[in-house]
Visitor: 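First the structure, which I've put down as C-alpha cells, then a few questions once you've had a look.
Heavy atoms only: backbone and side chains are in, while hydrogens, waters and symmetry mates are out.
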Amino acid sequence: MQEHYDPRAIETAAQTFWADTRAYEVTEDPSREKFYCLSMLPYPSGALHMGHVRNYTIGDVISRYQRMQGRNVLQPMGWDAFGLPAENAAIARGIPPAKWTRDNIDHMREQLQAMGFAIDWSREFATCDPSYYVHEQRMFVRLFEQGLVYRKNSVVNWDPVDQTVLANEQVVDGRGWRSGAPVKKREIPQWFLKITDYAQELLDELDRLQGWPEAVKTMQRNWIGRSEGLEIRFDVEGAHEPLSVFTTRPDTLMGVTFVSIAAEHPLAHAAARNNPAIAAFVEQCRHGGVSEAELETQEKRGIDTGLVAIHPVSGEKLPIWVANFVLMGYGTGAVMAVPAHDQRDWEFATKYRLPKKIVIADADTADALRALGERAAVAFDPMSVALGGIAPESGSDRVGLEDRLTAFARRIEQESAFTEHGMLVNSQDFSGLDFDGALTALAEKLEADGCGARTVHWRLRDWGVSRQRYWGCPIPIIHCDRCGAVPVPEEQLPVVLPEDVAFSGVQSPLKSDPQWRNTVCPECGEPAERETDTFDTFMESSWYYARYTSPGAETQVDARADYWLPVDQYIGGIEHAILHLLYFRFYHKLLRDAGLLHSREPATNLLCQGMVVAETFYRDSELGTRDSGKRDWINPSEVNVQRNERGHVIGATLKADGLPVWIGATEKMSKSKNNGVDPQTMIDKYGADTVRLFSMFAAPPEQSLEWNEAGVEGMARFLRRFWREVTTHVSQPDHPPVDPAALNAAQKTLRRQTHETIVKVGDDIGRRHAFNTAIAALMELLNHVSKFDDVSEQGRAVRHEALQAMVLLLNPFTPHASHALWQALGHPETLIEDQPWPKAEREALLRDRVTLAVQVNGKLRGTIELAPDASREEAEMQALSEPSVARAIAGQNVRKVIVVPGKIVNIVAGEGTA
RNA sequence: GCGAAAGUGGCGGAACUGGCAGACGCGCUGGAUUUAGGUUCCAGUGGGGCAACCCAUGCGGGUUCGAGUCCCGCCUUUCGCACCA
C-alpha cells in the first residue's frame with residue numbers, strides 16, 4: 001500500500017469502484033428493513049457551497065452508518081430547478097434560464113460525486129423536467145375538480161416603473177431592487193390551494209412526530225395558530241351588512257371603545273369615496289411592501305372613518321377607524337379594539353386619544369373589590385373610581401382599598417394595558433365572572449341574539465400558488481370568455497414550458513408569446529388563452545421525496561412508494577422549519593387522499609442543520625464619494641491573521657500588500673460579505689474525506705459551523721497519522737488472535753478503550769447525531785494507539801483490533817480512506833458498508849477500579865479509587881480518610897454524606913449535627 | 001412587531017438523566033528531529049496566587065448537599081414571518 005496518505009489517488013480509486021459496482025443503487029426488498037435517508041434537494045445556483053457540503057455530508061454519514069447496520073438504504077438526489085435566480089442570471093448574462101440551470105446541474109453533480117456521497121444516481125431528476133412536473137399539473141387539475149383549488153384576489157408588491165410583480169426579496173427598504181422605485185401594493189387574481197382544510201390534521205399530527213425537533217413543531221403549531229373564540233357581528237349605522245370581527249378575548253367585549261378595520265376593507269373603500277382625507281390615508285397604506293415583518297414594524301397609524309358601529313350588547317355607538325396594522329389577509333380584516341386590555345389597541349388609543357375602559361380586574365383589584373362588598377365588584381367603574389353609594393362592609397380600611405383601585409386604574413391609563421385574564425368588572429350582568437364564565441355567558445347571549453357565535457380561527461392562510469414568473473411550472477388552466485377558468489384536460493398534459501426563449505426580465509415570455517398563449521377552450525372549442533402564471537416553486541419541492549421512490553412511474557408515484565415511505569431521516573436547514581416543511585406535510589396528505597400513498601406523514605425523523613459561517617475582513621473604501629462607512633470585503637483566503645504569544649488575535653493583514661485589514665463579525669457565508677469558502681478549492685487541496693471530517697467535527701449538526709482552515713489542517717493531520725499508524729502496523733509480522741485471558745494491564749486498557757469507542761461512536765451517530773463527539777472519540781483512540789508501543793504478539797493483536805474498529809467506525813465520515821485502509825488490513829476490495837458495524841464486547845469493557853470525585857460542601861477536594869462494586873460505606877470511609885478531605889472538614893462536624901455510586905461523594909460539614 | 005433558538009478558555013466546541021467545568025481540535029509557549037519545510041514528534045496551556053487555596057459557563061435573583069444544566073427577571077445574537085430557496 002501507499003506509504004503516505006494521498007487523498008487524490010485513493011478517492012479516485014474508491015469512487016471508481018463504487019461507480020463500477022453501482023454500489024449505492026438500490027431496489028425494494030421486502031425481506032430487508034429499509035432506511036430512506038433524504039437531504040433537501042439543492043437549488044442549482046452554479047456551484048456547491050459549504051451549506052450543501054454540510055447538509056449532504058450529514059446525510060451521507062447517516063446513510064452509510066445505517067447501511068452498515070444491515071438496512072436497505074436509499075439516498076437519492078435531485079434538483080430544485082425552477083426559481084427566480086435563473087431569471088436573474090438570464091437577465092445578467094443573456095442565457096436562457098433552462099440552459100443556465102442545466103449547465104449548473106451538470107457542474108454540481110460532478111462536485112457531489114467528488115465528495116463521495118453514497119447516492120443512488122439512477123433516481124436523479126430535475127423539477128424542470130416535463131416528465132416531473134406533468135404529475136404536479138395532473139394533481140392540480142384533480143384538486144381543482146375536488147374543489148380544493150380556488151381563485152381570489154390577493155395583494156402583491158408592484159414595481160410601478162418596471163411594471164412587474166416583485167418577490168419580497170426584491171423589495172429593499174420599500175423600493176424595487178432594480179428600479180429603485182417605491183413599491184406599491186396591488187391586488188391581482190391568484191390561485192390558492194385549500195391547505196386550511198387540513199389545518200386540524202396538520203396540527204394534530206405534530207404530536208405524533210416524535211422524531212422532529214420540538215422547536216420546529218412549536219413553530220408549526222404557532223404558524224397554524226388554532227384559536228378558539230367568538231365571531232361577533234357589529235351592526236354599522238346606515239349599512240346593510242354587519243361588520244364581523246373575531247376575538248379570543250370575548251371577556252373584554254364590554255371594554256370595546258372602537259373598531260379597527262384594514263385599509264383594504266370594503267367599508268374603508270366606502271368611507272374613502274366621499275372623504276378625501278380617508279381616501280388619502282387608504283392610498284398611503286398602499287405604499288410599501290406586503291411582507292408581514294414590514295407591516296408589523298411600521299408606525300401604527302389610523303384615521304376615523306366617521307362610520308359608527310353598534311355595540312351588540314350595550315348598544316353603544318363606537319367609532320370605526322381604519323388602521324394600518326390590521327391585516328386584510330388575516331381573519332375578517334376587522335378587529336374590536338379594547339385599549340385597556342390589548343397592548344396594540346392601548347398604544348393606538350393613547351396616540352389618538354380614544355377612551356380606555358377597564359373591564360378586567362387583576363387579582364389585587366378583585367380582592368379589594370370583594371372586600372368592599374358584593375355590589376362594588378359589579379358596579380365598580382375603575383376609570384372614575386366611582387364608589388359613590390357603596391358602603392364598605394368594614395369602614396376603617398376603605399381608603400386603603402380605594403387607593404389600590406386607583407393605582408390599578410392609573411397604571412392602565414398611563415403605563416400599559418392589563419392583558420392577563422381576571423375578573424370581569426364594569427360589565428353589566430357579566431361583572432364578577434371569570435374568563436371561562438364570561439366566554440360561556442357571552443356566547444350564549446350573542447348566539448341567542450343572532451349577532452355572534454363560537455368559532456375556531458386559524459392563523460394559517462390558504463396557499464397562494466400563482467407566481468407571475470416565467471421560469472416555473474405552467475399552471476394548467478385555460479381562460480375562456482364563456483366558460484371561465486377551465487382546467488387543461490388530462491390528455492393534453494403536460495403543458496410544457498417553452499425553454500428556448502429570449503428573456504428580458506420585464507415581461508414573462510409566456511405573456512409575450514401569442515403562439516403559446518392562444519389556444520382553444522377545452523369545453524366550448526372557442527378561442528381562449530392559457531394561464532401565464534406559473535407555480536410557486538414550493539409546489540415542486542413538496543413532493544420530490546415521493547418521486548424518488550418511483551422512478552419512471554406513469555403515475556405520480558406507484559406501489560414502490562409504500563415500501564420506502566415515510567422518509568426515515570430528513571435533513572435540511574432550519575430556515576425551512578415552517579413553510580417548506582408544512583407544504584411537504586400537506587402534499588403528503590394530498591397524495592394519501594388521492595390513494596397514492598398509505599402513510600400519514602412524509603418523514604419520521606427530522607434534523608435541521610445550522611448554517612455555515614466564517615470570519616469577515618474589510619477595508620474602508622478610500623475616496624468613497626458617498627458613505628464614508630462603506631466597506632470593501634476581503635475573502636478570508638486573502639488574509640493573514642496575527643496573534644500574540646498567548647494566541648490572542650491582535651490583527652490581520654492582506655497577503656497581497658502586508659498592510660492591515662479590519663476584522664469584522666463572524667457571519668453566514670455570503671457573496672455580500674465575501675466570506676465564502678469554495679468547497680472545490682478545499683477538496684482539491686485536502687481531499688473530500690478531510691472536508692467531510694472537518695464539517696462534521698467543527699460543531700454539532702444543529703449549530704452554526706465556523707469554517708476555519710487551520711481546523712481543516714487539523715483533520716488532515718489526523719488522517720495522515722491514522723494512515724501512518726495502519727501502514728506501520730501492517731508492516732509488522734502476523735499475529736495470533738486476541739486472547740483476553742493472556743492480556744497484561746496495558747493491553748487490557750487499550751482493548752477497553754477500543755470497545756468503549758465502539759459503544760460511544762455507535763451511540764453518537766445512531767442515536768444522538770453528535771458527529772463531532774464521535775470523531776473526538778476516534779481521535780482519542782488514535783492517541784491511545786500511538787502511545788501504545790507494545791510489539792509483542794498480543795500487543796499487535798490488540799492494536800489490530802483497535803485499528804480495524806477505527807477503519808469501520810470512521811467509514812461513514814471518511815469512506816474513501818476507510819475503503820483503502822480496509823484493504824490494507826488484509827481484506828479484499830469490497831464494499832465496506834457490507835461489513836457489519838463493530839460490536840462491543842461486554843467483558844472487554846469491565847474496569848478494575850473506578851474513580852469518584854469527593855466534595856466537601858459541594859466543592860471538589862479530591863478523588864478516590866474504588867472497586868466498581870464497592871459499597872457506600874467503603875466509599876464514605878475512604879473519602880473521609882483522604883488527606884485533602886480531612887483538611888477541609890477539620891474542626892467541623894460531618895452532618896451528612898451523599899454517595900452517588902460511581903460518580904461522587906459529597907460531605908456536608910459545618911456546625912451542628914446531622 | 002410576532003414566533004423559535006443560542007450565549008462556556010485566545011478560538012471551534014465537550015460535559016447526554018442536576019454529580020470532577022473545559023474532552024477533542026485549532027491557536028499559542030518551550031524543546032527535539034530534519035539539508036530544508038506551512039513536515040513530524042515530546043511537554044505545557046482558563047484566570048489569580050504560583051503554596052494552601054480563591055475566582056470562573058452573558059447579567060441579576062432563586063431552588064438544591066450539589067447548578068453550565070432546573071425556576072424567575074433582564075441583556076445580546078441568530079433564524080422565520082407566507083413571492084428567496
Side-chain angles (χ1 to χ4, degrees), chain A residues 40 42-43 45 80 83-85 156-157 165-171 190 213-216 218-219 221-223 225 290-298 300 325 329 344 460-461 463-464 466-469 536-538 541 573-580 582 610-611 613 641 643-650 665-668 694 697-700 702-706 708-715 717-718 720-721 724 763-764 767-768 770 772-773 775-780 783 786 851-855 857-860 862-863 884 887 895-898 900 903-908:
Chain A
M40 289 181 188
Y43 177 79
S45 54
D80 189 17
L84 209 46
V156 293
N157 303 305
V165 174
L166 297 177
N168 283 337
E169 187 197 47
Q170 299 171 310
V171 178
Q190 309 215 65
E214 276 310 317
V216 171
T218 306
M219 281 192 270
R221 276 188 199 103
N222 293 337
W223 185 263
V290 299
S291 81
E292 194 172 309
E294 186 178 336
L295 295 173
E296 293 275 352
T297 48
Q298 66 191 348
K300 314 264 171 292
F325 60 84
R344 198 155 59 170
L460 179 68
R461 308 200 291 258
W463 178 8
S466 298
R467 295 294 179 269
Q468 296 69 49
R469 318 237 172 273
D536 176 8
T537 56
F538 276 129
S541 58
I574 185 71
E575 66 272 21
H576 297 294
I578 296 174
L579 288 178
H580 162 68
L582 197 62
M611 56 194 181
V613 301
V641 171
R643 297 168 189 274
N644 67 11
E645 70 288 351
R646 299 182 79 159
H648 298 212
V649 171
I650 52 170
T666 297
E667 293 188 59
K668 180 172 183 171
F694 178 75
F697 176 72
E702 307 81 13
Q703 284 180 35
S704 62
L705 179 152
E706 187 175 329
N708 165 274
E709 194 162 341
V712 181
E713 302 262 11
M715 296 304 107
R717 201 169 298 152
F718 167 72
R720 282 197 294 267
R721 283 179 61 205
R724 196 169 55 233
D763 188 51
D764 279 356
R767 179 180 65 90
R768 298 177 65 208
N772 54 331
T773 54
I775 295 166
L778 287 160
M779 288 174 165
E780 269 185 274
N783 291 342
S786 42
T851 307
L852 268 71
V854 183
Q855 296 180 336
N857 292 332
K859 293 203 165 167
L860 182 71
T863 57
S884 57
R887 211 164 36 233
R895 295 162 60 188
K896 195 173 170 187
V897 179
I898 292 145
V900 182
K903 286 199 170 150
I904 205 162
V905 179
N906 190 13
I907 297 159
V908 186

Visitor: In whole angstrom, give me the gap between the P atoms of rG30(B) and rG19(B).
Guide: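 Here rG30(B) and rG19(B) have their P atoms 40 Å from each other.
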Visitor: How long is the gap from OG1 on Thr773(A) to CZ on Arg768(A), to the nearest 0.5 Å?
Guide: 4.5 Å
Visitor: Can you tell me, in whole Å, how much space there is between the P of rC42(B) and that of rU77(B)?
Guide: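 The same atom, P, in both gives a distance of 44 Å.
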Visitor: Classify the nucleic acid contact of Lys300(A) as base, sugar-phosphate or nothing, counting any heavy atom under 4.0 Å across all strands shown.
Guide: nothing
Visitor: How far does the C1' atom of rU8(B) sit from the matching atom of rG58(B), given to the nearest Å?
Guide: 10 Å
Visitor: Measuring to OP1 and OP2 of rA4(B), would you say a side-chain N or O of Asn222(A) lies under 4.0 angstrom away?
Guide: yes
Visitor: Apply salt bridge (Lys or Arg N to Asp or Glu O under 4.0 Å) to Glu706(A) and list each qualifying residue two or more places apart in sequence or on a separate chain.
Guide: none
Visitor: I need a per-nucleotide contact map over nucleotides 79-85 of chain B, read 5' to 3'. Cutoff is protein heavy atoms under 4.0 Å; write B for the base, S for backbone only, - otherwise.
Guide: SSBBBSB
Visitor: Closer than 4.0 Å, any side-chain N/O of Arg887(A) to the OP1 or OP2 of rC53(B)?
Guide: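 Answer yes for this pair, as a side-chain N or O of Arg887(A) is under 4.0 Å from OP1 or OP2.
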Visitor: Please give the distance between the C1' atoms of rA4(B) and rC59(B) as a whole number of Å.
Guide: 22 Å
Visitor: Please state the P separation for the pair rA43(B) and rA52(B) - nearest whole angstrom.
Guide: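 Here rA43(B) and rA52(B) have their P atoms 23 Å from each other.
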Visitor: If I pick the P atom on rA15(B) and the same atom on rC70(B), what distance separates them, to the nearest angstrom?
Guide: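 Pairwise P distance, rC70(B) against rA15(B), rounds to 14 Å.
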Visitor: Kindly say whether Gly225(A) contributes a backbone atom to a donor-acceptor pair with the side chain of Asn222(A) at under 3.5 angstrom?
Guide: no
Visitor: If you round to the nearest 0.5 Å, how far is NZ of Lys903(A) from CD1 of Ile898(A)?
Guide: 14.5 Å
Visitor: Is there a side-chain polar atom (N or O) of Arg646(A) under 4.0 Å from OP1 or OP2 of rG9(B)?
Guide: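 Negative; the distance criterion is not met.
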Visitor: Please determine whether any donor N or O and acceptor N or O are separated by less than 3.5 Å between the side chain of Arg767(A) and the base of rC16(B).
Guide: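 Indeed, a donor on one side and an acceptor on the other fall under 3.5 Å apart.
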Visitor: Can you tell me how far the OG1 atom of Thr537(A) sits from the OH atom of Tyr43(A), to the nearest 0.5 Å?
Guide: 8.5 Å
Visitor: Specify the glycosidic conformation (syn or anti) of rG30(B), with syn defined as within 90° of 0.
Guide: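 Because its glycosidic torsion lies more than 90° from 0, rG30(B) adopts the anti conformation.
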Visitor: Closer to the 5' end of RNA chain B via nearest nucleotide, is it Val216(A) or Asn857(A)?
Guide: Val216(A)
Visitor: Just checking, any donor-acceptor pair under 3.5 angstrom between side chains of Asn783(A) and Arg721(A)?
Guide: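 Distance-only check passes for Asn783(A) and Arg721(A).
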Visitor: Nearest 0.5 angstrom please: Trp223(A) CH2 to Arg461(A) CZ, how far?
Guide: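 One gets 7.0 Å once the value is rounded to the nearest 0.5 Å.
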Visitor: Only stems of 3 or more consecutive Watson-Crick or G-U pairs count here, both distances under 3.5 Å; name the ones for RNA chain B, or none.
Guide: B:1-7 with B:75-81, B:10-12 with B:24-26, B:27-32 with B:40-45, B:46-48 with B:53-55, B:58-62 with B:70-74
Visitor: With C1' as the reference atom in both, quote the distance from rG44(B) to rG22(B) in angstrom, rounded to an integer.
Guide: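 Straight-line distance between the two C1' atoms is 16 Å.
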Visitor: I'd like the C1' distance from rC55(B) over to rC50(B), given in whole Å.
Guide: 15 Å
